Amino acid sequence: MLPSERLRDKLITLDGKGYTAYKTIAGEYRFPTFVLYIDHVQQDPFATPSLVRVRMDMAECQFPPHLWSNRVRKMALEDFITRQVHSAIRRFVKGHRGTGRSGMITVDVGGQEVLPRTSCLVHEDYVEVRLSMGLPGDGRRIQAKEAMAMFFEELPKIVEASLVYRNLDPRAAERHVNVVEDQEALREQLPERGLVAFVADDSVLPRESGVSDRPLRHSRVVRFTSPEELRCTLHAPNRGQISGMGIPRGVTLIVGGGYHGKSTLLQALQRAVYPHIPGDGREYVVTVRDAVKIRAEDGRRIEKVDISPFISNLPFGEDTTSFCTENASGSTSQAANIMEALEAGTSLLLMDEDTCATNFMIRDEMMQRLVPKEKEPITPFIDQVRRLYEEYGVSTILVMGGSGDYFEVADVVIMMDCYRARVVTAEAKRIASERQDRRVPEGPERLGPIRARVPLAEGFNPYRGKRVRVEAKGLRTLLFGREVIDLWALEQLVDESQTRAIGEVIVYALEKGYFDGESSLGEILDRIEEDIQTHGLEVISPWKGGHPGDYALPRRQEIAAAINRLRTLVVRQREARNPNQIL
Ligand code: ADP
Ligand code: MG
């Protein structure tokens, strides 16, 4: 390790030289209160920025141990520190200092959700943050003065303002950690209370706009209040008792007039698989961790999925127990999305009529009379939703304002009325029982076992030319070798760093030999999760030792979904498993 003066000396000699000479500054430097690691130096001012880390001894940072006393609190503190670094950068960094990305300093900060990420590491001996820096150049000439300002003025200010506990707002730190811990605790309590979701009283569910995930701030925001019938009280370790609406296991229907807040409630639930930051409005909205939003997704590819519980007897006698298509329809894509979610593991499906295929959801009595069952390949979801619960223990929460057919199969009916939730189960059941015409339930008696699929290594090629090329292009596009994986329908993918991580996870599993021709997708996901659990998220990084790159933890459901959307995927179907194994 060199003293920081040596970095200054090096930079002075580099002034005006060709940009690539910057590579001589790679290394470790001791600053008065921290160590700077320059792990990767960019090739030119337009290239991916240089990767650096800053490490400060815990003796210097002085974060009180209670803020990182368990896994969840540590993760929350890391997230908090990352956000502090982010705001310090905004305060202290001048930014543009020449060509391309010259002068920028960034940290990979999250949005409204709090996810485990590689941007910060709280260790018992130190705190480390991982940054990107655009080393300044004028064209391809090194601008040493500007670089010195970044390393010797801006960086120390950022570090001082965000890594030293006494310079932070202790109440904000405490609140951040406590709120995240409370959410995880509430989520843990759902199973023992027989619930799949919980929405606390006073939650603010609507968002600012279709493109902003911040809470709607408006005098007309209606805060959530639980209907008495579903009210329950959960215990949060920091905040104490929290009262709100518990949604029980089984089939739950959300009805109500258009524009009365149905989709807003469902969207809050689908995001509630993750904790939210204080002030988000959804801090105490929690859903079981493995909940999957299901929607229609026409145009997607499907590789040997058993969709026969929903679709059989296709016109040309195509096999639907091992269904393949390059271009799925609304209903086949929705069926595949369900079967794949079961395969990856889920205990709750979330659906919204706004994004479902109508012919997949309902087939009413008149249509049954006009089009006989023999002529209709689709067994509508309404006829399988109870079996999903009874055979597999998989619950469903469904928004359906357009058809009352679901009254019969629902355990609970919640009506959204001017953004207020009411329980209308009894009324809905009475209406269903009084009806004269009766639709006939259709479809197979049992769903039967879920078929496991074995993804084969030959289907994955992360190379473009001689190099592995795996890259996120925005939140919902993943470049994988020469393939473009389209993730537009994965509404529960919330952070581009998750997308990036999914790409690396697939490469990691390939390199580890997990796609061994025997293991099912579920077993491979188990192994990946185990590795991340044991070694941390950094285990997936292709950069060993130094700056790991910017990643946030994806769920296994989204990893599976990305693999399933890879257009070169090849799988072998395996013996049907006992359905109970998926529970
Ligand atoms: P639906 O699905 O029932 O048609 P939405 O959930 O899409 O209705 O909501 C319609 C509009 O109402 C959206 O613009 C949404 O932001 C707004 N909204 C939803 N819930 C609330 C609420 N609790 N308070 C104020 N506005 C809300
Ligand atoms: Mg809607």
Side-chain angles (χ1 to χ4, degrees), residues 111-113 197-228 230-231 242-247 251-273 276 279-287 291-298 330 334 337 348-362 381-382 385 396-407 410 412-425 427-428 488-492 494:
Q112 296 299 104
E113 282 82 17
F198 175 80
V199 184
D201 288 335
D202 276 340
S203 295
V204 174
L205 307 186
R207 300 292 98 188
E208 201 169 62
S209 75
V211 293
S212 162
D213 197 34
R214 291 167 195 269
L216 180 64
R217 290 184 205 284
H218 198 287
S219 54
R220 286 205 300 258
V221 168
V222 178
R223 287 176 173 259
F224 191 84
T225 335
S226 173
E228 283 315 312
L230 294 178
R231 183 178 297 283
I242 299 184
S243 154
M245 174 174 82
I247 300 183
V251 178
T252 301
L253 197 60
I254 301 172
V255 301
Y259 224 69
H260 278 254
K262 304 182 296 298
S263 297
T264 302
L265 172 59
L266 195 81
Q267 275 155 16
L269 294 176
Q270 74 198 37
R271 289 238 174 186
V273 297
H276 288 94
D280 174 82
R282 300 168 294 186
E283 294 96 312
Y284 305 107
V285 182
V286 291
T287 306
V292 178
K293 173 72 179 284
I294 298 290
R295 55 172 297 161
E297 188 186 348
D298 48 306
Q334 198 167 348
N337 286 350
L348 174 64
L349 304 178
L350 302 168
M351 290 193 206
D352 190 330
E353 61 180 347
D354 291 353
T355 51
C356 287
T358 307
N359 61 343
F360 183 79
M361 300 308 289
I362 48 180
F381 188 69
I382 187 171
V385 63
T396 299
I397 300 176
L398 170 65
V399 169
M400 180 60 83
S403 165
D405 280 357
Y406 275 86
F407 292 172
V412 174
V413 184
I414 297 169
M415 176 156 139
M416 293 307 288
D417 181 356
C418 299
Y419 312 132
R420 284 174 215 285
R422 280 173 37 198
V423 172
V424 293
T425 315
E427 247 174 297
W488 69 268
L490 305 193
E491 296 176 16
Q492 291 168 294
V494 297

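Every heavy atom of this structure was used, including side-chain atoms; hydrogens, water molecules and symmetry mates were not. Here the structure is a predicted model, which is why all the values come from computation and not from measurement. In listed order, ligands and their atoms are each counted from 1.
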Interatomic spacing from [atom1] in [X] to [atom2] in [Y] - rounded to 0.5 Å:
X: R295; Y: F360; atom1: CZ; atom2: CZ; result: 14.0 Å
X: T287; Y: F198; atom1: OG1; atom2: CZ; result: 11.5 Å
X: M416; Y: K262; atom1: CE; atom2: NZ; result: 9.0 Å
X: I382; Y: D405; atom1: CD1; atom2: CG; result: 4.5 Å
X: L349; Y: N337; atom1: CG; atom2: CG; result: 10.5 Å
X: R223; Y: D201; atom1: CZ; atom2: CG; result: 11.0 Å

As an exercise, identify every atom of ligand 1 less than 4.0 angstrom from a heavy atom of [X].
X: G257; result: 3 (O)
X: G261; result: 1 (P), 3 (O), 5 (P), 6 (O), 8 (O), 9 (O)
X: V221; result: 24 (N), 25 (C)
X: R220; result: 24 (N), 25 (C)
X: G258; result: 4 (O)

contact_flag L205 ligand 1 heavy-atom lt 4.0 Å: no

Any H260 heavy atom less than 4.0 Å from ligand 1: yes

Shortest non-hydrogen contact from D298 toward G330: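 Taking D298 first and G330 second, the nearest heavy atoms are CB-N, 3.7 Å.
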
Test log, rule side-chain contact (heavy atoms from CB on, under 4.5 Å), inputs V413 and Y406: CA-CA 9 Å; V413 184; Y406 275 86; over 6 Å; no

Would [X] count as being in polar contact with ligand 1, using the rule that some N or O on each side must be under 3.5 angstrom apart?
X: Y259; answer: yes
X: R207; answer: no
X: Y419; answer: yes

How far is [atom] from the closest protein heavy atom, and which atom is that?
atom: atom 7 (O) of ligand 1; result: S263 CB, 4.0 Å
atom: atom 24 (N) of ligand 1; result: V222 N, 2.9 Å
atom: atom 15 (C) of ligand 1; result: T264 OG1, 3.8 Å

Side-chain H-bond candidate by donor/acceptor type, S243 with R231, under 3.5 Å: yes

Main-chain N/O of V211 paired with S209 side-chain donor or acceptor, under 3.5 Å: yes

Salt bridge (charged side-chain N to carboxylate O under 4.0 Å, His left out) contacts in which one or both residues fall within residues 351-362, not counting sequence neighbours: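 Qualifying pairs, neighbours excluded: none.
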
Intermediate values then yes/no, side-chain contact (heavy atoms from CB on, under 4.5 Å), I247 and V412: CA-CA 8 Å; I247 300 183; V412 174; over 6 Å; no

Location of contacts on P206 toward ligand 1, heavy atoms closer than 4.0 Å: side chain

Protein N/O/S atoms closer than 2.8 Å to the Mg ion (ligand 2): S263 OG, D354 OD2

Within 6.0 angstrom of R420 CZ, more than 12 heavy atoms from elsewhere: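 Open: at most 12 neighbouring heavy atoms sit under 6.0 Å from CZ of R420.
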
